Asks: 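Here it is, the structure in full.
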Amino acid sequence: MSNEVLYEVEDGVATITINRPEKYNALNKDVVDMMHSFFQKAEEDPEVRAVILTGIGEKAFAAGADITAFPGRDSKTVRPFVENGQAVCNYIESLSIPVIAAVNGFALGGGCEFAMACDIRYASSNARFGQPEINLGIIPGYGGTVRLPRLVGLGIAKELVLTGNPIKADEALRIGLVNRVFDSVEDLRNGAMELAKILVKRPGVAIKLAKQSLNNAWEMSLKDNLSYEVDVFCETFDTEDKKEGVDAFLSKRDPVFKHK
Ligand code: COA
């Protein structure tokens with residue numbers, strides 16, 4: 001296995017780091033496949049309760065799909081590649097544990113799309129976001145035309161996708177594409193880890209069900225999603241974590257959840 005994606009676990013937090021610094025962490029097939037298997041590893045490890053996705057260094061989170069793979073590809077041969085990238089983004093979004101994107105530089109094209117598949121986005125002030133595919137005569141394919149309007153609204157998404165122009169971190173914060181901006185990459189990494197360690201302590205079943213219900217907001221009708229929320233709300237009342245959380249509150253102590 002190459003070292004183009006790194007995986008480490010600390011205190012219940014798995015960090016997945018894209019490691020192609022000389023190519024601004026561009027996403028080739030191996031990188032996307034490795035990311036997929038590391039997200040699966042995190043999901044299957046009961047000790048891991050949160051994931052951070054980031055890029056190595058201070059230049060790029062990921063500067064998009066690897067453009068060197070594009071010449072010679074046509075509508076037929078590009079399909080498995082784009083379907084695979086979308087599937088991995090969907091998998092990240094559907095993970096039962098929370099995923100934080102720590103955006104440490106350029107998040108362009110597929111980089112921006114992978115960040116948008118994560119639950120929470122933190123960025124350093126040098127981060128740049130964009131969907132520049134239009135400049136290559138193509139369009140976003142890892143969910144950019146679908147997740148971006150849902151996150152920032154259709155008008156702003158159209159401007160970003162149709163111009164291909166990148167935006168700075170403070171603008172990304174203003175439009176709601178990121179949750180927080182940090183002065184430096186070091187502060188970003190610390191801030192993302194701090195947030196992850198808070199999430200690790202939260203009850204796992206409730207986290208999973210809350211994520212599902214929140215994700216449904218993009219897909220279901222209001223009526224169906226409200227009814228789904230009632231179902232999963234009731235489900236949490238049969239968990240050990242609910243007993244522990246309520247008992248801890250009433251006994252004026254901190255809860256210790258077992259994620260059951
Ligand atoms: N695919 C393949 N290689 C990429 C890449 C990508 N998406 N993005 C950057 N690289 C490579 C460059 O080719 C260069 O490699 P080289 O040194 O072997 O020539 C290296 O990363 C550094 O990039 P460079 O363009 O020299 O740096 P820069 O600071 O001038 O510009 C970017 C940085 C990110 C603005 C610019 O590289 C860029 O626009 N990349 C493409 C973004 C894009 O269109 N993404 C969507 C793809 S669908």
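Just so you know, ligand 1 is whichever comes first in the structure, and atom 1 is the first atom listed for that ligand. Model, not experiment: these values are computed from the prediction. Only this structure's heavy atoms are used, side chains among them; waters, hydrogens and symmetry mates stay out. Index from 1, following the sequence.
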Asks: Looking at R49, K208, E43, which hits side chain to side chain donor-acceptor pair (under 3.5 Å) with S96?
Replies: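 The side chain to side chain donor-acceptor pair (under 3.5 Å) with S96 is passed solely by E43 among R49, K208, E43.
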
Asks: Students should be able to answer this: which protein heavy-atom is nearest to atom 15 (O) of ligand 1, and at what distance?
Replies: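 The closest heavy atom on the protein side is K23 NZ, 3.5 Å.
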
Asks: In terms of residue, atom name and distance, what is the protein heavy atom nearest to atom 28 (P) of ligand 1?
Replies: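 In this structure, atom 28 (P) of ligand 1 has Y24 OH, 3.9 Å as its nearest protein heavy atom.
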
Asks: In this structure, which one of L199, V51, V200 forms a side chain to side chain contact (heavy atoms under 4.5 Å, CB included) with P98?
Replies: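 Only one of L199, V51, V200 forms a side chain to side chain contact (heavy atoms under 4.5 Å, CB included) with P98, namely L199.
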
Asks: Run the side-chain donor-acceptor check on residues 67-74: report pairs under 3.5 Å with partners two or more places apart or on a different chain.
Replies:
from : atom 1 : to  : atom 2 : distance (Å)
T68  : OG1    : D66 : OD1    : 2.4
D74  : OD1    : K76 : N      : 3.0
D74  : OD1    : T77 : N      : 2.9
D74  : OD1    : T77 : OG1    : 3.1

Asks: Provide the number and element of each atom of ligand 1 under 4.0 Å from a heavy atom of E133.
Replies: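 That gives atoms 48 (S) of ligand 1.
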
Asks: Can you report which non-hydrogen protein atom sits closest to atom 1 (N) of ligand 1, along with the distance?
Replies: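 It is I67 N, 2.9 Å.
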
Asks: Does the side chain of V205 come within less than 4.5 Å of P203's, by heavy atoms?
Replies: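 Sidechains of V205 and P203: no contact.
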
Asks: Taking only Lys NZ, Arg NE, NH1 and NH2, and the carboxylate oxygens of Asp or Glu, determine whether E93 and K211 approach each other closer than 4.0 Å.
Replies: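 No salt bridge links E93 with K211.
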
Asks: Just by distance, no angles: are the side chains of T17 and N19 close enough, under 3.5 Å, to form a donor-acceptor pair?
Replies: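 There is no such pair (donor and acceptor under 3.5 Å, judged by atom type) between the side chains of T17 and N19.
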
Asks: Is atom 12 (C) of ligand 1 touching the protein, meaning some protein heavy atom lies under 4.0 Å away?
Replies: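 Looking at atom 12 (C) of ligand 1, one finds that no protein heavy atom lies closer than 4.0 Å.
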
Asks: Is atom 19 (O) of ligand 1 touching the protein, meaning some protein heavy atom lies under 4.0 Å away?
Replies: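 No; the ligand atom in question lacks any protein heavy-atom contact below 4.0 Å.
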
Asks: Output yes when a protein non-hydrogen atom is found under 4.0 Å of atom 48 (S) of ligand 1, and no otherwise.
Replies: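 Yes, at least one protein heavy atom sits under 4.0 Å from atom 48 (S) of ligand 1.
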
Asks: Output the list of atoms in ligand 1 that are nearer than 4.0 Å to some heavy atom of D66, sorted by atom number.
Replies: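 Every atom of ligand 1 under 4.0 Å from some heavy atom of D66: 1 (N), 2 (C).
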
Asks: Just to confirm my output: which protein heavy-atom neighbour is closest to atom 42 (C) of ligand 1, and how far is it?
Replies: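 The closest one turns out to be A63 O, 3.4 Å.
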
Asks: Taking NZ, NE, NH1 and NH2 as the nitrogens, is one of them in D241 or K260 under 4.0 Å from a carboxylate oxygen of the other?
Replies: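 Not counted as a salt bridge, because no side-chain N and carboxylate O are separated by less than 4.0 Å.
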
Asks: Do F106 and I18 sit in one hydrophobic cluster, given that two such residues count as connected whenever their side-chain heavy atoms are within less than 4.5 Å of each other, even indirectly?
Replies: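 F106 does not cluster with I18.
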
Asks: I need the nearest protein heavy-atom contact for atom 44 (O) of ligand 1: residue, atom name and distance, please.
Replies: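 Atom 44 (O) of ligand 1 sits closest to the protein heavy atom P132 CG, 3.5 Å.
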
Asks: Looking only at protein heavy atoms, which one is nearest to atom 14 (C) of ligand 1, and how far off is it?
Replies: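 The closest heavy atom on the protein side is E22 O, 4.4 Å.
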
Asks: Can you find an N/O atom of F70 closer than 3.5 Å to an N/O atom of ligand 1?
Replies: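 For ligand 1, there is no N or O atom that lies under 3.5 Å from one belonging to F70.
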
Asks: Protein non-hydrogen atoms only, distance under 4.0 Å: does atom 25 (O) of ligand 1 have such a neighbour?
Replies: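 No, there is none.
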
Asks: Give every donor-acceptor pair under 3.5 Å between a side-chain atom in residues 52-63 and any protein atom, sequence neighbours left out.
Replies:
from : atom 1 : to   : atom 2 : distance (Å)
T54  : OG1    : A102 : O      : 2.8
T54  : OG1    : R189 : NH1    : 2.8

Asks: Measure from atom 7 (N) of ligand 1 to every heavy atom in C112, A65, A60, G141 and give the option owning the shortest one.
Replies: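 Among C112, A65, A60, G141, the closest heavy atom to atom 7 (N) of ligand 1 belongs to A65.
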
Asks: Please list the nearest protein heavy atom to atom 5 (C) of ligand 1 with its residue and the distance rounded to 0.1 Å.
Replies: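 So the nearest neighbour among protein heavy atoms is A26 CB, 4.0 Å.
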
Asks: Decide yes or no for V99 and I16: does some side-chain heavy atom of the first lie under 4.5 Å from some side-chain heavy atom of the second?
Replies: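 Sidechains of I16 and V99: no contact.
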
Asks: Is there at least one pair of N or O atoms, one from F106 and one from ligand 1, spaced under 3.5 Å apart?
Replies: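 No, since none of the N or O atoms of F106 sits under 3.5 Å from an N or O of ligand 1.
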
Asks: Show the atoms of ligand 1 that are less than 4.0 angstrom away from any heavy atom in L108.
Replies: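 Ligand 1 atoms under the 4.0 Å threshold to L108: 34 (C), 42 (C).
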
Asks: Counting only heavy atoms on the protein side, is anything nearer than 4.0 Å to atom 39 (O) of ligand 1?
Replies: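 Answer no: nothing from the protein, no heavy atom, is under 4.0 Å.
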
Asks: Begin from the C-alpha positions of K168 and E171 and carry the test salt bridge (charged side-chain N to carboxylate O under 4.0 Å, His left out) through to its verdict.
Replies: CA-CA 5 Å; K168 293 182 175 176; E171 179 67 358; over 6 Å; no

